[in-house]
Amino acid sequence: MAESEKFLPLEFQQFDDATKLERARSFYHWMRQRRSVRDFSSKPVPREVIEQAVLTAGSAPSGANMQPWHFCVVESAAVKKEIRLAAEAEEREFYQRRASEEWLDALAPLGTDAHKPFLETAPYLIVIFLKKFSEGGGGEQRKNYYTSESVGIATGMLLAALHNAGVATLTHTPSPMKFLGQILGRPSNERPYMIVVAGLPENGAQVPAISKKPLEEIAEFI
Ligand code: IYR
């Protein structure tokens, strides 16, 4: 059998139905406590916690297992500052000119503006890049498949892994994000996908009073 066709026995943990339900409920209750945090403290978080969460993200399924992602974990105060300055310049454009009234209305409950101090205060900015192509062994370009789906799944797993470890997160997408590739020196086959800001909430941090839709509104069983 060719190397590419090698199969192994599946390791799969089985639970009885009561345990399945208990685990499903408790995971939901835990995950629904995750909130996007914008008031970050500068308190440190051990780097190994971030490494483990990135490993979890990297275990995500991906098109043809191409793993079309790269995680740039920014700890350097100087680089965080550079990112903040560039992001705030784009955000000022967004809030003052680019965003439609409709978009600004939709954002109003979140209380966001062009001011992004968390990009400097949080201990980590995890900048996720999407690779439309990967480098083959001989330096040639190899196409990746379903890249936005794959990187979206990995990002969701990263958020869940960080929340599970007691690390607060914010998904942040200054638009356009081209400056991230320049600041971080990433190659042209990678496009910035999202910044996941990670750290601990500031004492007394507040979050918007928003709710999630009930099951009947988001799902149907046919
Ligand atoms: N990127 C801007 C605007 C923004 C857009 C959406 I859609 C959000 O859910 C939140 C913010 C900012 O970060 O302020």
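When a ligand or atom number is given, it counts from 1 through the structure's own listing order.
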Q) Under a single-linkage definition using a 4.5 Å side-chain heavy-atom cutoff for Ile, Leu, Val, Met, Phe, Trp and Tyr, are F40 and V167 assigned to the same hydrophobic cluster? A) no
Q: Give the single entry among E90, H172, M177 that approaches atom 13 (O) of ligand 1 most closely by any heavy atom.
A: H172
Q | Heavy-atom nearest neighbour of atom 7 (I) of ligand 1 within options F118, Y95, W103 | A | W103
Q) Looking at atom 1 (N) of ligand 1, what's its closest protein heavy atom, distance included? A) E91 OE2, 3.0 Å
Q) Does a sphere of radius 6.0 Å around CZ in R47 hold more than 12 heavy atoms from other residues, nucleotides or ligands, not counting ones at 6.0 Å or beyond? A) no
Q | R38, any N or O under 3.5 Å of ligand 1 N or O | A | no
Q) With a 3.5 Å cut-off and no angle check, do the side chains of N144 and T147 form a donor-acceptor pair? A) no
Q: Heavy-atom contacts with K116 under 4.0 Å: which atoms of ligand 1 show up? List them by number with element.
A: 12 (C), 13 (O), 14 (O)
(Q) With a sphere of 6.0 Å drawn around NZ of K178, does it hold more than 12 non-hydrogen atoms of other residues, nucleotides or ligands? (A) no
(Q) Same cluster or not: L162 versus F118, using hydrophobic residues (I, L, V, M, F, W, Y) connected whenever any side-chain heavy atoms lie under 4.5 Å apart? (A) no
Q.
Please compare L110, I195, L107 and report which has the shortest non-hydrogen distance to atom 5 (C) of ligand 1.
A. L107
Q. Which of the numbered atoms in ligand 1 are below 4.0 angstrom from a heavy atom of T173?
A. 1 (N)
Q. Is there a side-chain contact between F94 and E91 (heavy atoms, below 4.5 Å)?
A. yes
